[in-house]
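Reviewing the structure listed below.
Reckoned from all heavy atoms, side chains included, excluding hydrogens, waters and symmetry mates.
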Amino acid sequence: MADCIVLGAGMVGVSTALALQAKGRSVVLVDRRGAGEETSYGNAGIIQGEAVEPYAFPRDLGSMVSIALKRGNEVNWNLTSLPNWAAPVLRYFRHSSPARYKTISQTYSQLIHRATADHAPLIQASGSDNLIQRDGFRQVFRSPKRMEEGARTAERLHEAYGVGISIETASELKAAEPNLRRDLQGAVRWTEPWTCSSPGGLTANYARLFEERGGRFVSGDATTLEQVGSGWRVKTDDGVIEASDVVVALGPWSPELLKRFNYRIPMLFKRGYHRHYHGGKSPTVAIMDAENAAIIAPMIAGSRVLTGAELTHFDAAPALRQLNRAERSIRELFDLGEPVENEPWWGNRPCMPDMLPVVGAARRHKGLWFNFGHGHQGFTLGPTTAALLADKMVGEGDNALVDRLSLER
């Protein structure tokens, strides 16, 4: 019998397994697929040390009208799925009020400030340094107005949180990114983030490290989870696994599982898309085209182009509107070459309405623990919330921060 089962082998789940293992716990990691093959695979690969404030719902009239009329590329929405996302979006809007957002950001920034430091020992121990670039990323601007707004925001975050920035003029940007195909107004280079050329690969390397240190990673069905006496069990390809504790780290699949135990998780799913391209000329670092909500990130598989958020049914067929617009905008900036995949990747970001992850103990079930709801930052914050949860589970550390992340907050 193991001490703990961790359900989910994305960045959050794998990091949780490693953190508990480091505390001397016997851990079995369970997933239906390989490590890092779902949500943790499909991101920009940025460990966002600059993202001290989470993505708030825009509250100015111009932005809301733009979203409602689908004028921009930041958000797409599906009317038929409105009953699924209307209630969590309304909560999201309320939590984005200035007063609430300020309090939320105070907690969120404490997590983000730890991100690169918490990844660092795992990167080294897993032999993954070849996947990591420590040169930050750029946010580029086409119009003088947006350049001014972007610089002002960066300077505010630098003053308030100490975030590292460099404001680059048009000529400085062109010198730094010689493959740019057109002139721009300039860029904000966020200097603290690290970028990864294979997010799924890094997650898989962390899982391999977990196994090398004596952990078990087995294929199994999280939906078979049940409470048995004072412990928990789940069915796997290796047979039934039992443990005194279980951690649900299933990202966007967590709410559906927890319904069986009468936990109602008001999660908002923000779908994102990406596709790889080869044969072109990549930027030196990941670049966000601010006006078009598009990102190009150099990856082992090719230049990865990523989109903003789509509000739709969890399992709805892909809608390529955002990806097509993102591709057009990025092609204006760089020679993309040709698509690698015939069909794009898509997945759902697990976002809580108050923009904070859910970390901590279940109130009504002994031995049931949560670590999910990281929104856009599961890849960034996996090791950080894992370390906090592991401390909580073994009764160590300062638990005040974890308490602010509990489901009952």
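Remark: the T80 side chain and the N78 side chain contain an N/O donor-acceptor pair separated by less than 3.5 Å. No side-chain donor-acceptor contact under 3.5 Å links E310 and Q322. In this structure, a donor-acceptor pair under 3.5 Å is present between the side chains of S63 and D60. In the model, R404 has a side-chain atom that pairs as donor or acceptor with a side-chain atom of T107 under 3.5 Å. Using modelled atom types and a 3.5 Å distance limit, the side chains of N84 and H313 yield a donor-acceptor pair. Between Q133 and S197, the side chains place no donor N or O within less than 3.5 Å of an acceptor N or O (distance only, hydrogens not considered).
By the 6.0 Å and 45° rule, R363 does not stack over the aromatic ring of F261. With a 6.0 Å cutoff to the six-membered ring centre and a 45° limit on the axis angle, R59 counts as a cation-pi contact of F93.
Within 6.0 Å of CZ on R325 lie more than 12 heavy atoms contributed by other residues, nucleotides or ligands. Within a 6.0 Å sphere centred on CD of E338, heavy atoms belonging to other residues, nucleotides or ligands number 12 at most. With a 6.0 Å radius and a threshold of 12 heavy atoms from other residues, nucleotides or ligands, Q227 has its CD atom above the threshold. No more than 12 heavy atoms of other residues, nucleotides or ligands lie within 6.0 Å of NZ in K145, so this atom counts as exposed by the packing criterion.
Rounding to the nearest 0.5 Å gives a distance of 11.5 Å between CG of N399 and OG of S406. Considering OH of Y273 and CG of L323, their distance stands at 9.0 Å, rounded to 0.5 Å. Distance check, rounded to the nearest 0.5 Å: CD1 of I5 to CZ of R216 gives 9.5 Å. In this structure, CZ on R152 lies 11.5 Å from CD1 on I167, to the nearest 0.5 angstrom. Atom CD1 of I287 and atom OG of S282 lie 10.0 Å apart (nearest 0.5 Å). Taking OH of Y277 as the start and CD1 of I330 as the end, the distance is 9.5 Å to the nearest 0.5 Å.
Separation of the F314 and W346 ring centroids does not fall under the 6.0 Å cut-off. Checked against the 6.0 Å centroid criterion, the rings of Y108 and H113 do not qualify as a close aromatic pair. In this structure, H278 has its ring center at least 6.0 angstrom away from the ring center of H276.
Looking at every heavy atom in both residues, L173 comes nearest to A187 through CD1-CB, 4.0 Å. The minimum heavy-atom distance between L258 and L368, with the atom names listed, is CD2-CD2, 4.3 Å. N179 and F334 make their closest contact through O-CD2, 3.6 Å (heavy atoms, listed as atom of the first residue, atom of the second, distance). The minimum heavy-atom distance linking S26 with D3 is given by the pair N-OD2, 2.7 Å. What you find for P252 and P350 is that their closest heavy atoms are N-CB, 3.6 Å. In plain terms, the two heavy atoms of E332 and R181 that are nearest each other are O-CB, 3.7 Å.
Without hydrogens or angle criteria, E74 side chain to I67 main chain gives no donor-acceptor distance under 3.5 Å. When atom types are taken as modelled, the side chain of R409 and the backbone of L405 share a donor-acceptor pair closer than 3.5 angstrom. One N or O on the side chain of T224 and one on the backbone of K235 form a donor-acceptor pair closer than 3.5 Å. Side-chain N or O atoms of T380 include one that pairs as donor or acceptor with a backbone N or O of Q48 at under 3.5 Å.
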Legend entry - S244 vs R25, side-chain contact (heavy atoms from CB on, under 4.5 Å): CA-CA, chis, key distance, verdict: CA-CA 11 Å; S244 56; R25 305 291 297 273; 4.1 Å; yes

Inset, instruction - Show the numbers, then the answer: is there a side-chain contact (heavy atoms from CB on, under 4.5 Å) between E242 and W232? - result: CA-CA 6 Å; E242 295 188 357; W232 298 84; over 6 Å; no

Legend entry - D403 vs K392, salt bridge (Lys or Arg N to Asp or Glu O under 4.0 Å): CA-CA, chis, key distance, verdict: CA-CA 9 Å; D403 292 342; K392 180 77 171 179; 3.0 Å; yes

Inset, instruction - Determine, step by step, whether M11 and L202 satisfy the side-chain contact (heavy atoms from CB on, under 4.5 Å) criterion, reporting the C-alpha distance in whole Å, the side-chain angles of both residues, the deciding distance to 0.1 Å, and the verdict. - result: CA-CA 9 Å; M11 178 57 77; L202 183 66; 4.1 Å; yes

Legend entry - Working for side chain to side chain donor-acceptor pair (under 3.5 Å), residues T307 and H274: CA-CA 7 Å; T307 69; H274 83 236; over 6 Å; no

Legend entry - Derivation and outcome, side-chain contact (heavy atoms from CB on, under 4.5 Å), residues R213 and V27: CA-CA 11 Å; R213 289 175 172 178; V27 183; over 6 Å; no

Inset, instruction - Run the numbers on K259 and E256 for salt bridge (Lys or Arg N to Asp or Glu O under 4.0 Å), then give the verdict. - result: CA-CA 5 Å; K259 280 183 184 178; E256 190 63 30; 3.5 Å; yes

Inset, instruction - Test salt bridge (Lys or Arg N to Asp or Glu O under 4.0 Å) on R189 and E168 and set out the steps. - result: CA-CA 7 Å; R189 185 168 73 88; E168 298 177 336; 3.7 Å; yes

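With contacts defined as side-chain heavy-atom distances shorter than 4.5 Å, the pair N292/R142 qualifies. For the pair I104/H95, a side-chain contact is recorded, criterion being any heavy-atom separation below 4.5 Å from C-beta on. Side-chain contact check for L7 versus L257: some heavy-atom pair is nearer than 4.5 Å. Contact of the I165 side chain with the L157 side chain is not registered, since no non-hydrogen atoms from C-beta on lie closer than 4.5 Å. S254 places none of its side-chain heavy atoms less than 4.5 Å from the side chain of I265. Side-chain contact between F269 and R349 is absent, with no heavy atoms from C-beta onward closer than 4.5 Å. Proximity of P344 to L320: side-chain heavy atoms (C-beta onward) are separated by under 4.5 Å at one or more points. T195 is not listed as a side-chain neighbour of D135, based on a closest heavy-atom distance of 4.5 Å or more.
At a threshold of 4.0 Å, the pair E53-R156 counts as salt-bridged, since one of the basic side-chain nitrogens sits closer than that to a carboxylate oxygen. By the 4.0 Å N-to-carboxylate-O rule, D221 lies too far from R32 to be salt-bridged with it. R260 and E226 are not joined by a salt bridge, as no carboxylate oxygen comes within less than 4.0 angstrom of a charged side-chain nitrogen.
The side chain to side chain contact (heavy atoms under 4.5 Å, CB included) with L20 is formed by just one residue from the set D245, L29, V247; it is V247. Applying ring pair (Phe, Tyr, Trp, His ring centres under 6.0 Å) to Y92 and the options Y101, W85, F57 leaves one that passes, F57. Applying side chain to side chain contact (heavy atoms under 4.5 Å, CB included) to R138 and the options D289, T284, L184 leaves one that passes, T284.
Between H365 and Y263, the two ring planes are tilted [angle within 30° to 60°].
Listed by chain and number, the residues in a salt bridge (charged side-chain N to carboxylate O under 4.0 Å, His left out) with K23 are D391, E396 (sequence neighbours excluded).
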